[in-house]
Amino acid sequence: MPTIKPLVIVISSFLFVSLVPQPAQTGKVSLFPISACDYGAPMSLPPSQIIAALAAIVGPAHLISQPQQMGPYLNEPRKRFHQPALAVVLPGAVAEVQAIARYANANGVALIPQGGNTGLVGAQVPLSGHEVIISLARLNGVRNIDVAAGTMTVEAGLILEEAHKAAEAEGAMFPLWIASQGSARIGGVLSSNAGGVNVLAYGNARELCMGVEAVLADGRLYNGLTSLKKDNTGYDLKDLLVGAEGTLGIITAATLKIFVQPEDYETALVSLTSPDAALTLFQAMRERTGARLNAFELIPWIGLDIQLRHKMLDADPTADTSPWYGLIEVSRMKGGPTGTLQAALETAFEQEWITNAVLAESLADRTHMWAFREQMSECQSREGASIKHDVSVPIANVPALIAEGIKAVEHLVPGIRAVPFGHMGDGNIHFNFSQPVGADPKTFRAGADPIHTAIYEIVLKLGGSVSAEHGIGQLKTELLKQVKDPVALEMMHAIKQALDPNNILNPGKMLT
């Protein structure tokens, strides 16, 4: 297992934490300043000339060059990254995306593809301050919905929630739900290979995508839109582009899987004594409900306490005070039996896997329960600073991850408050820590290095991943170099070199 060594990087007076390998001969922590020339080819033209050329492609009304107007495209959710952009360009047609790419490739202009700017690792915002953001917001059409084939073809700028509505209008369902679905766009969802709460039943973004259309770095158009379930004619090229964070191509459209809508859902919040009990219950639920088990989310009591104290919930959705809670949801298809979840929970009571439970009796109850889960990330900001990790381990190792992680970090920072929660059903835990009560937020954040190191070393020991669903972006590039198989990294660099030899697309993100 590689040893992870921490490093604090300061950029423009804002502090964020990354992890990089240190020279073996010293073992010391040293600063690694990032300069504008470290990533991508230097611009060979003056900014004014670049802006004029791009405006000629999309029209002046669809190019933003004034810094005070770029805020929505620069201000990412966690406020970690604070670099400006040379400009924001908003093409309205695929041909315009191609023209922008051709111009950028010929003139050494770095492009950052951006969807809804909801990413959490900085893939969609500038690193050097000299890049052009290419927003796909205007490419937001629904090209085709084929319920019989179980597919819908949509453009990259379509907001995820609008994709849900488009499918539902045809009596179908696109089952990828994430907290930011009201602003996240399909291109970004695919480029980051988003997960969400339904991965257990339907898979992540990659598994829900059948094909993509994408503009390559030199402006060529890859037309990989397909609705074929079987196509054994070579490499699956869409899987290079899905999850590539805009480093290999600019996704402009995608064919997605859609499903028959369930007639109803059965939802419950159960009281659990420990993550071990949650694992036992999850295995039992999977045996009894099979593919109808949509979600199994694990939530600690502290999350409920924070939300109630800050009035984020108007009432307690749980049955009683418990160290842990499980949010379980089972779908019921048309003509299917009712009461499946209740019957399974009765067995769980008998086996003492749960101590209490409350079943949703209405849509309002279900919405209330899900609000409790979906506000887990937001609620931590009400308690001051927090240090966050998006990690995954094999499902059977989730209890060990939580137990070992809490023990290690509480030893490092007495009084720290662990807030691990997330997708028990697929092993993805958001292992977060809130500052001790009364602590200084800046001091707490400045001590993040050993906390990151402790958690990531436990994750790797347990056979896990240091990025489960948020990606690499600019936050975890050096960490990736430490933990990724060297041959895999060589292959990734070779693919990047083959498709983007001039390093035009999102330079410095994912690979450095």
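Being a predicted model, the structure only gives us computed values, none of them experimental.
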Note to self: Return the CE to OH distance between Met369 and Tyr325, rounded to the nearest 0.5 Å.
What the structure shows: 12.0 Å
Note to self: Once rounded to the nearest 0.5 Å, what's the spacing between atom CD of Gln307 and atom CD1 of Ile299?
What the structure shows: 8.0 Å
Next item on the list: Rounded to the nearest 0.5 Å, what's the gap from CE on Met285 to CD on Glu287? Could you check?
Entry: 11.0 Å
Next item on the list: Please check if atom CE in Met491 has more than 12 non-hydrogen atoms from other residues, nucleotides or ligands closer than 6.0 Å.
Entry: no
Next item on the list: Using a 4.5 Å cut-off on heavy atoms from C-beta on, say whether the side chain of Phe174 contacts that of Leu160.
Entry: yes
Check: Name the one of Thr321, Asp320, Asn356 that satisfies side-chain hydrogen bond (donor to acceptor under 3.5 Å, both in side chains) with Ser271?
Finding: Asp320
Checklist line | His452 NE2 to Lys388 NZ distance, which is reported to the nearest 0.5 Å | finding: 12.0 Å
Note to self: In terms of relative ring orientation, are Phe282 and Phe296 parallel, tilted or perpendicular, with 30° and 60° separating the classes?
What the structure shows: perpendicular
Notebook entry, point to check: Are His430 and His470 close enough that their ring centres sit under 6.0 Å apart?
Noted result: yes
Next item on the list: Would you kindly check if the NZ (Lys) or CZ (Arg) of Arg366 is within the cone defined by 45 degrees around the ring axis of Tyr265 and under 6.0 Å from the six-membered ring centre?
Entry: yes
Check: Could you give the distance from CZ (Arg185) to CD1 (Ile159), rounded to the nearest 0.5 Å?
Finding: 4.5 Å
Next item on the list: Take Lys165 and Glu162 through the salt bridge (Lys or Arg N to Asp or Glu O under 4.0 Å) test and state the conclusion after the steps.
Entry: CA-CA 5 Å; Lys165 292 177 181 178; Glu162 295 302 316; 3.7 Å; yes
Note to self: So, taking the atom named CG in Leu241 and the one named CZ in Arg206, what distance separates them when rounded to the nearest 0.5 Å?
What the structure shows: 10.0 Å
Note to self: Looking at Glu76 and Phe81, would you say the former's side chain and the latter's main chain have a donor-acceptor pair under 3.5 Å?
What the structure shows: yes
Notebook entry, point to check: Hey, are the side chains of Leu176 and Ile178 touching, using non-hydrogen atoms and a 4.5 Å cut-off?
Noted result: yes
Check: Quick one: does Val147's side chain get under 4.5 Å of Ile145's, heavy atoms only?
Finding: yes
